[in-house]
Structure formats: structure tokens, C-alpha cells
There are 2 protein chains.
Amino acid sequence: MSHSHDHSHDHTHTHETPNTKEKFLERLKEQGFKLTGKRRTIVDILLEEDRYISAKDLLELLKIQFPRLSFDTVYRNLHLLKEERLIEESVFGDGGSKFRIACDANHHHHHFICTVCGRTQLVEGCPMDALQLETPAGFHIETHRFEIFGHCADCCQSSL
Amino acid sequence: MSHSHDHSHDHTHTHETPNTKEKFLERLKEQGFKLTGKRRTIVDILLEEDRYISAKDLLELLKIQFPRLSFDTVYRNLHLLKEERLIEESVFGDGGSKFRIACDANHHHHHFICTVCGRTQLVEGCPMDALQLETPAGFHIETHRFEIFGHCADCCQSSL
DNA sequence: ATCAATGCAAACCTTTTGCACGCGT
DNA sequence: ACGCGTGCAAAAGGTTTGCATTGAT
């Protein structure tokens with residue numbers, strides 16, 4: 001159950017990381033959620049995109065296959081997927097939320113994020129380890145947020 | 001002009017840091033902005049509060065003195081103050097923006113932030129220095145975000 | 001057959017904008 | 001007197017909700 005045989009039909013994705021469609025869908029099924037066509041397609045698209053996109057962009061992509069789909073379903077599924085830790089959310093500079101398929105739900109990480117295309121790169125290490133933190137007396141840490149924003153190589157190019 | 005004589009009438013604030021009301025207002029004046037009663041009061045309140053608060057909370061506090069004040073003016077001033085780097089903005093977990101008077105516009109810093117009351121503590125150091133970053137090839141860093149969220153000592157207490 | 005998922009519409013919340021008037025300079 | 005600042009009202013976005021229907025199991 002943990003090491004599912006995900007050598008299915010080879011995808012556009014080359015790496016044999018845990019990010020296979022089947023694994024994601026299995027996780028949902030295990031939790032008792034139904035694998036509807038829309039839900040499958042959302043996971044498909046997010047895997048395919050492999051970058052941060054807005055709910056609006058996601059809806060647009062979904063409408064190709066499901067013209068009548070609207071925001072409510074998108075958001076409901078985004079919430080669900082986030083709860084199940086299958087996607088990651090980040091608030092961009094303009095205040096808008098964007099979402100990407102979870103890189104690795106089990107491994108804590110941070111990202112370089114391209115503010116143009118939403119593509120990401122892993123950051124080596126975590127500031128909570130690297131900084132010798134002097135936590136204020138009595139302060140109880142819950143979460144932290146560390147993100148590096150900029151232009152990726154491709155988007156630097158295209159802005160020339 | 002840089003070292004203004006801000007020994008005016010002593011305030012509730014004890015430290016003789018750059019965070020004096022006069023200094024903030026001067027900065028605005030220098031830029032050619034008018035020092036209206038509302039603008040003064042916004043700076044007053046933010047200095048007094050000395051923590052992250054929402055536009056809504058700020059408006060509430062302002063309405064005590066200016067009952068007819070509405071969100072538009074609050075936001076217009078928050079934008080202005082942010083442009084002038086007199087306040088800092090942070091997006092909290094729930095997705096809502098909160099604002100606080102700038103701790104020190106000249107010194108780069110990060111915060112421990114209490115998600116209950118919005119009070120902050122400075123973090124020693126910056127992850128961009130502490131982590132030996134391997135910036136992805138061609139990636140052009142623009143900004144970064146690092147915040148540690150949790151409960152401050154006081155808010156831990158009150159939740160017992 | 002059951003209960004979750006969806007579509008539709010409407011509400012909601014935060015933030016923004018246009019315009020006429022008021023006020024700091 | 002000039003021009004920014006403000007109030008009002010309305011719009012704009014993004015996100016959420018209630019309810020009836022559809023659909024996966």
C-alpha cells in the first residue's frame with residue numbers, strides 16, 4: 001500500500017518520484033472521497049502544470065473539458081486537496097493565492113518561486129535550522145513561512 | 001533634517017528609537033503629503049498598538065474619533081504609508097492582511113508574529129544570509145519572505 | 001440506495017474606484 | 001486659491017454557502 005506499483009503508463013513526467021497521478025488519487029480514495037472526473041482532472045492539471053497557478057487559471061484549464069464548471073467546485077476541491085496535503089498554497093505579492101501540486105508531502109521544504117510563471121525550485125535547508133533562533137521567552141512557535149520570489153531563468157529570458 | 005529634534009512632549013512610548021510620531025509625520029510632510037487629522041491619528045494608533053492589526057480593526061479604532069470614517073480612507077492611507085515604508089504588511093494564515101508601524105525602515109528584519117494579538121518580536125538574522133543558498137541557474141531573486149507564527153507568552157497564558 | 005460532489009445563484013468580505021466636496025497648505 | 005484628502009456609493013475581486021440535483025460507490 002505504501003509502495004504502490006506506479007510504473008503505469010509512462011507520463012510526460014520523467015522522474016519516478018512519488019508524484020504519480022495514481023498515488024494522489026489513491027490517497028483521496030483511502031480517505032473515502034469519491035474520484036470524480038473533475039477531481040481526477042484537477043489533479044491531472046496540477047501535476048501537468050507543476051507550478052503555482054491561481055484558482056482562476058485552474059478553472060480556465062478545467063473549462064476546456066468541463067465548460068460548465070465554476071469557481072465553487074474548484075475551491076471546494078482545492079480546499080479538500082489542501083487538507084489532504086496534496087497541494088501547497090502560497091500567497092503571492094499581489095495578495096492572490098496560488099496553488100501547486102505538493103512536491104513532497106512528507107519532506108519539509110521551501111521554494112524559490114517565479115512570480116511570472118509560478119514555477120518553483122527547492123531551497124536547500126530551512127531557516128529554522130540554519131538560524132540559531134532565540135525564541136522569545138514564552139513564545140510558542142506554530143508555523144513559519146519562507147519563500148524566495150523572483151524571475152526564473154526562462155522568464156528572465158522572455159523579458160529581454 | 002535627518003536628526004530631527006524629537007524630544008517634543010514625552011509620550012507613552014519610552015524608548016528613544018526612531019519610532020517617534022514626529023519623525024513619521026515629518027517623513028510624510030517631506031514627500032509633500034498633507035498632515036490631516038485622520039492621517040495623524042492613523043500613525044498615532046499604529047504607534048500605540050505596536051502590533052499587526054487588520055484594516056477592519058484599525059477602522060474600528062479610528063471610528064472612535066471619526067465616526068464617519070470608512071474603509072476607503074483607511075486603505076488609501078495604508079497604501080500611502082506602505083509606499084513610504086512607514087508600515088509593514090503581512091498576510092496572516094487566514095489570508096487576511098494586517099499592518100503594523102514599521103519597526104525600522106532602514107534595517108532589514110524578520111519577525112516572530114503572534115497570530116492571536118499580532119504582536120511581534122525581532123528575529124536575529126536573516127535566512128538569506130544564514131542559508132548558503134544555491135540559487136538556481138538564471139534565477140533572479142527579487143524578494144523573500146520569512147515569518148515565524150505562533151502564540152506569544154501573553155496569549156499562551158490567556159488560552160489556559 | 002446512499003451520501004458525497006456538483007451546478008446554480010446568491011451572499012460575503014476585503015479592497016478598490018469615480019466623483020463631488022472639504023480642507024490643509 | 002490650489003490640489004490633495006475625504007465621504008459616499010458603488011463596483012470589483014476572490015472566496016464561500018445553501019439548496020436541489022447528479023453521480024460515484
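By convention in this document, chain letters (A, B, ...) are assigned in the order of the sequence lines, proteins followed by strands, and residues within each chain are numbered from 1. Keep in mind that this is a model prediction, so the values were computed, not measured.
Which of dT6(D), dG7(C), dC8(D) sits closest to the side chain of K38(A) comes down to dG7(C).
The distance between atom CZ of R76(B) and atom C1' of dA9(D), rounded to the nearest whole Å, is 12 Å. Straight-line distance from the CZ atom of F71(B) to the P atom of dT14(C): 6 Å, rounded to whole Å. Computed from coordinates, the L58(B) CG to dT14(C) P distance equals 14 Å when rounded to whole Å. Atom CZ of R39(B) and atom P of dC23(C) are 15 Å apart (whole Å). When the C1' atom of dT6(D) is taken as reference, atom NZ of K63(B) falls 14 Å away, rounded to whole Å. Atom CG in L35(B) sits about 11 Å away from atom P in dT6(D), given to the nearest Å. Summarising the geometry, the separation between CD on Q31(B) and C1' on dG24(C) is reported as 17 Å, rounded to the nearest angstrom. One atom, CZ of R68(A), and another, C1' of dC8(C), lie 9 Å apart when rounded to the nearest Å.
Looking at D72(B), its side chain comes within 3.5 Å of the base of dA9(D) through a donor and an acceptor atom. Checked by distance alone, K34(B) brings a side-chain donor or acceptor within 3.5 Å of a matching partner on the base of dG3(D). Side-chain atoms of R40(B) stay outside donor-acceptor range of the base of dG24(C), with no qualifying N/O pair under 3.5 Å.
The existence of a salt bridge linking K21(B) and D44(B) is confirmed by a sub-4.0 Å separation between a basic side-chain nitrogen and an acidic carboxylate oxygen. With respect to K98(A) and D57(A), no salt bridge is recorded, no charged nitrogen being found less than 4.0 Å from a carboxylate O.
A perpendicular orientation is assigned to the rings of F146(B) and H144(A), their planes being inclined by more than 60° (bins at 30° and 60°).
Side-chain contact check for H110(A) and E124(A): no donor-acceptor pair (N or O, by modelled atom type) lies under 3.5 Å. Under 3.5 Å, the side chains of E142(B) and H151(A) contain a donor-acceptor pair of N or O atoms.
For dT6(D), one of the phosphate oxygens OP1 or OP2 lies less than 4.0 angstrom from a side-chain nitrogen or oxygen of T36(B).
Place G37(B) and T73(A) on DNA chain C by their nearest nucleotides, and T73(A) ends up nearer the 5' end. Each of F66(A) and S97(B) lies near DNA chain C, and the nucleotide nearest F66(A) is the one positioned closer to the 5' end.
Nucleic acid contact class of S54(B) (heavy atoms, under 4.0 Å, all strands): none.
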